[in-house]
Amino acid sequence: MDKTYNPKSVEEKIYQMWESGNYFSPRKTRGKLPFSIVLPPPNANADLHLGHAMYVIEDIMIRYHRMKGDPSLWLPGADHAGFETQYVFEKQLVKEGKNRFDYPREELYQMIWDFVQKNRGTMENQLRRLGFSLDWSRNTFTLDPNIVEIVYKTFKKLYDDGLVYRGTRLVNYCTRDGTGFSDLEVKYVERNDPLYYMKYGPFTIATARPETKFRDTALAVNPKDKRYKDAIGKTYDITGLLGPVKMTVIPDPHVDPAFGTGIMKVTPAHDPHDFELGQKFNLPVTPIINFRGRMDFSWFLAKKDVDPKYRARAEIYHGKKVAEARALMVEDLKKDGLLVKVDEQYIHRIGTCYKCGTIIEPLPMEQWFVKVKPLADASIEAIKKKKLSFVPKRFEKRAIQWLTDFHDWNISRQIVWGIRIPAWKCLDCKEWTVTAGSTPTTCSKCKNNHIEQDTDTFDTWFSSGQWPFATLRVAQGKPSDFRSNDFDYFYPTSVMETGYDILPWWVCRMIMLGIYATGDVPFHTVYLHGLVRDSKGQKMSKSRGNVINPLKMIDQYGADSLRMSLVYGTASGNDQSLSEDKIRGMRNFANKVWNIGRFIMSDTNKFKGTETKNNEVRKKVATLVKTVTKKIDSYQFGQAAQWLYEFTWHTFADSYIEDYKKGEISYAILFNSFIALLKLLHPFMPFVTEAIWSHLPQKTNEPLIISHW
RNA sequence: GAGCCCAUAGCUCAGUGGUAGAGCGUUUCGUUGACAUCGAAAAGGUCGAUGGUUCAAAUCCAUCUGGGCUCACCA
């Protein structure tokens, strides 16, 4: 054995030994309670970052349960990450002076497919580098045909049950990326924008978006507001920038009398609240902004006998970008004497695209929506009935809050990279035919054969939301296995371990879709880890230049050091700061363990003496086993790691080895204690412990990974 | 407007009813066989503030202060 532990020389060999020995594949055993975790599938085409390295917690649980003898399955997979991936790909296209519209759909899809395939192996090998004991024989990808089939089935079932519907709603649309989003993809940012007070017939209204006022359909006031009580129900003549219009005043209890002038313009086509109000009062939805984020005055220009002055104005506005048009209109308002005042101090929150930062336009669009409430209600019930618990507990409240607040979920995306929606529109009767994946030849309503498939794809989270049951239904063990279908044996899975930041995006959706599709929760425990930040507590990001690359750290200090750093002294749900110093410290610890092993190997039975401390050692080790077991069982991995670190270094090395040299402890006791310690350390630091194990004289040839806890 | 989290040694964080903990850093000493990726020793905190519950509070409760996060249809 070398004087210092050299991770590079052993890690790859050991991982190969594990993998080729099939130790990662569980043996399904009748009468034994299985333990299963589905790995949150990383983006297939991206490198791993430290957040992924946090899955070490899953490896600790899996290795622990495997050693306890539970049939333990950790199921790997990759996510096609629809929009995220297409976004990265498009950026590359732009660099080459092209864009996505230069290619037909099929060609673009194929190009992205190739792009992803090229990068796919990297991510999986990086998971191996971390020492993750994933069962690669069950590896899956969200675009595997058999996974897609399951996603289609769920969609069809939802459709048949009336839980998926096609409808025109205001959709969060990014005019730069050219797709609609669900509510979760909208990032709200605080901004200071001018609030314009303008004359509006007999009234004055305040608005931050004067450009949409041409398609106002009503005025709204709070019914309790005495100032406008008499106006409700009446229609007024109003002269705007494009001439006279008629506008009726409607009551709306949501109007805040203290805001602006207490009277609000209603624009159903461009404001979510106005849209709802419009539904209630039967107002038309009349857009004035198109999907490229430009003003659309074609409805006005199409009018006959319009005052040439107004027509000229509309021609100027038409086709201009929103911000540009707004500036022009404000000038014109001034000219016409319609601008009363401008509040420059106005601060509000506007929706932006979480990816590119472009202002999200709420635009009326026909999309597929999931009716969330029934699904959410069933999920809340399951949580309240304790079929599902959260670690730490506080996230239960948060999950319920999310599930309560969800609006209907827009699952259509106007991108090609993803699972194309299995719905066909009849060009004659305009009805939709939905299948579970098969291609229909005729319209299900009018039996005509003029049908065309929807060009949209599913929101990535719609497929990954089905991940636990989809992967288990697809992954089959050997036919000879007890319960060859993994789903029957491993579902519901034991634990879902992931970052708390995707609780609403992913965890809540998995609960909803899992219960809906299988009748049972997808997992019993949700363990949420915190974000990994830099040593100053700042978020790691490329632009800040403070990103720690996990692979680089493994190269430098070994996988065990990185693993231990991420676990040691951390608590569930809390963010942690990680510094290279800490990783270095853990590298030293790995070396310490190595050298204890070296000492035990080289210095056998030399020292004779009174052996008065044998019992004390025996007792202490027994306590340690109990404590570490308890900590792992209660998901306190950070504390388990601390106990192990403390005992190994400051009790075993500093005291026991010294006492042994004095002859106060027998070699047999020292040796057996070390064996126990190696086992306890193994889930946390699998490589160094397995390496030492292979040097120790053993009765069996069994590797440490399957030794008994 | 609502909710959640954090505040403990110079730095980063564990601990959560019973005499204050770790890692890194600092100071002093140590060159021999497990390990300098080491060892021995030391300095350093009235556990954010105030009040309460308790025989006992960093730990439970209330209020406050500072920092962070999330949600909400403020036009």
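In this text, all values refer to a predicted model and were calculated from it rather than measured experimentally. The sequence lines fix the lettering, A, B, ..., with proteins before strands; numbering per chain opens at 1.
- B/U16 sits 41 Å from B/C73 when the C1' atoms are compared, rounded to a whole Å.
- Counting any heavy atom pair closer than 4.0 Å across all strands shown, A/Arg349 reaches a base atom.
- Using a 4.0 Å cut-off between charged nitrogen and carboxylate oxygen, A/Glu276 and A/Arg169 do not count as a salt-bridge pair.
- You'll find a donor-acceptor pair under 3.5 Å spanning the side chain of A/Lys592 and the base of B/C35, going by distance alone.
- The residues A/Glu211 and A/Arg326 are annotated as salt-bridged, a charged nitrogen and a carboxylate oxygen being separated by less than 4.0 angstrom.
- With rounding to whole Å, A/Asp225 atom CG is found 19 Å from B/C74 atom P.
- Between A/Arg129 and A/Asp555 there is a salt bridge, with a side-chain nitrogen of the basic residue lying less than 4.0 Å from a carboxylate oxygen of the acidic one.
- Comment: A/Lys373 engages A/Asp377 in a salt bridge, judged by a side-chain N to carboxylate O separation of less than 4.0 angstrom.
- Nucleic acid contact class of A/Asp581 (heavy atoms, under 4.0 Å, all strands): sugar-phosphate only.
- For B/C29 and B/G15, the P atoms lie 38 Å apart once the distance is rounded to whole Å.
- Here A/Asn574 lies in heavy-atom contact (under 4.0 Å) with sugar-phosphate atoms only.
- Relative to the side chain of A/Gln642, the nucleotides B/A34, B/C73, B/A14 differ in distance, and B/A14 lies closest.
- Between B/U12 and B/G25, the distance separating the two C1' atoms is 11 Å to the nearest Å.
- With salt bridges taken as basic N to acidic carboxylate O contacts below 4.0 Å, one links A/Asp659 and A/Lys662.
- Only the C1' atoms considered, B/A49 is 24 Å distant from B/C11, to the nearest whole Å.
- Following rounding to the nearest Å, A/Glu658 (CD) and B/G39 (P) show an atom-to-atom distance of 10 Å.
- Distance noted for atom C1' between B/A57 and B/G52: 11 Å (whole Å).
- Looking at heavy-atom distances under 4.0 Å, A/Arg587 makes contact with a base.
- Heavy atoms of A/Tyr645 sit under 4.0 angstrom from primed sugar atoms or phosphate atoms, though from no base atom.
- Using a 4.0 Å heavy-atom distance criterion, A/Ala653 is classed as a base contact.
- Proximity of A/Asn595 to the phosphate of B/U37: no side-chain N or O atom is located under 4.0 Å from OP1 or OP2.
- An OP1 or OP2 oxygen of B/A34 is reached within less than 4.0 angstrom by a side-chain nitrogen or oxygen of A/Lys661.
- The residue A/His254 sits close to a base: some heavy atom pair falls under 4.0 Å.
- Salt-bridge check for A/Asp581 with A/Arg584: passed, with a basic side-chain N closer than 4.0 Å to an acidic carboxylate O.
- Contact annotation for A/Trp402: backbone-only contact, meaning every heavy-atom pair under 4.0 Å involves sugar-phosphate atoms and none involves a base.
- Aromatic pair A/Phe203/A/Tyr236: centroids less than 6.0 angstrom apart.
- Side-chain contact between A/Tyr660 and A/Glu664 is absent, with no heavy atoms from C-beta onward closer than 4.5 Å.
- Across the protein-nucleic acid pair, A/Ile657 atom CD1 and B/G33 atom C1' stand 13 Å apart, rounded to whole Å.
- Rounded to a whole Å, the CZ atom of A/Phe281 is 19 Å from the P atom of B/C73.
- Residue A/Ser577 is in sugar-phosphate contact alone, with no base atom involved, counting any heavy-atom pair closer than 4.0 Å across all strands shown.
- Counting any heavy atom pair closer than 4.0 Å across all strands shown, A/His650 reaches sugar-phosphate atoms only and no base atom.
- Comparing atom distances between the A/Arg598 side chain and each of B/C38, B/A72, B/A34 picks out B/A34 as nearest.
- The P atoms of B/G10 and B/C71 are separated by 36 Å, rounded to the nearest whole Å.
- Within 4.0 Å of A/Trp643, counting heavy atoms only, lies no atom of the nucleic acid at all.
- Taken from CG in A/Leu562 to CZ in A/Arg587, the straight-line distance is 13.5 Å, to the nearest 0.5 Å.
- Heavy atoms of A/Val266 sit nowhere under 4.0 angstrom from any nucleic acid atom.
- At whole-Å resolution of the value, CD in A/Gln639 and P in B/U16 are 6 Å apart.
- Nearest to the side-chain atoms of A/Gln636 among the listed nucleotides B/C74, B/A36, B/U16 stands B/U16.
- With rounding to whole Å, A/Tyr500 atom OH is found 20 Å from B/G3 atom P.
- Separating the C1' atom of B/A40 from that of B/A7 is a span of 35 Å, rounded to the nearest Å.
- Going from atom CZ of A/Arg398 over to atom C1' of B/C71 covers 9 Å, rounded to whole Å.
- Residue contacts for A/Leu277: at a heavy-atom cut-off of 4.0 Å it reaches no nucleic acid atom on any strand shown.
- In this entry the distance linking CZ of A/Phe395 with C1' of B/C5 reads 8 Å, nearest Å.
- Distance check on atom C1': B/C55 versus B/C60 gives 16 Å, rounded to whole Å.
- Electrostatic pairing of A/Glu396 and A/Lys393 does not count as a salt bridge here, judged by no charged N lying under 4.0 Å from a carboxylate O.
- Proximity note for A/Tyr568 (side chain, C-beta onward) versus B/U16, B/A22, B/C5: the nearest is B/A22.
- RNA chain B is contacted by both A/Gly569 and A/Ala258; A/Gly569 maps to the nucleotide lying nearer its 5′ end (nearest heavy atom per residue).
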Practice problem: State the dot-bracket string of RNA chain B. Criteria: Watson-Crick or G-U wobble, both atom distances under 3.5 angstrom; notation: ( ) intrastrand, [ ] crossing earlier pairs, | interstrand, . unpaired. | Solution: ((((((((.[[[[.)..(..]]]].(((((.......))))).....[[[[[..)....]]]]])))))))....
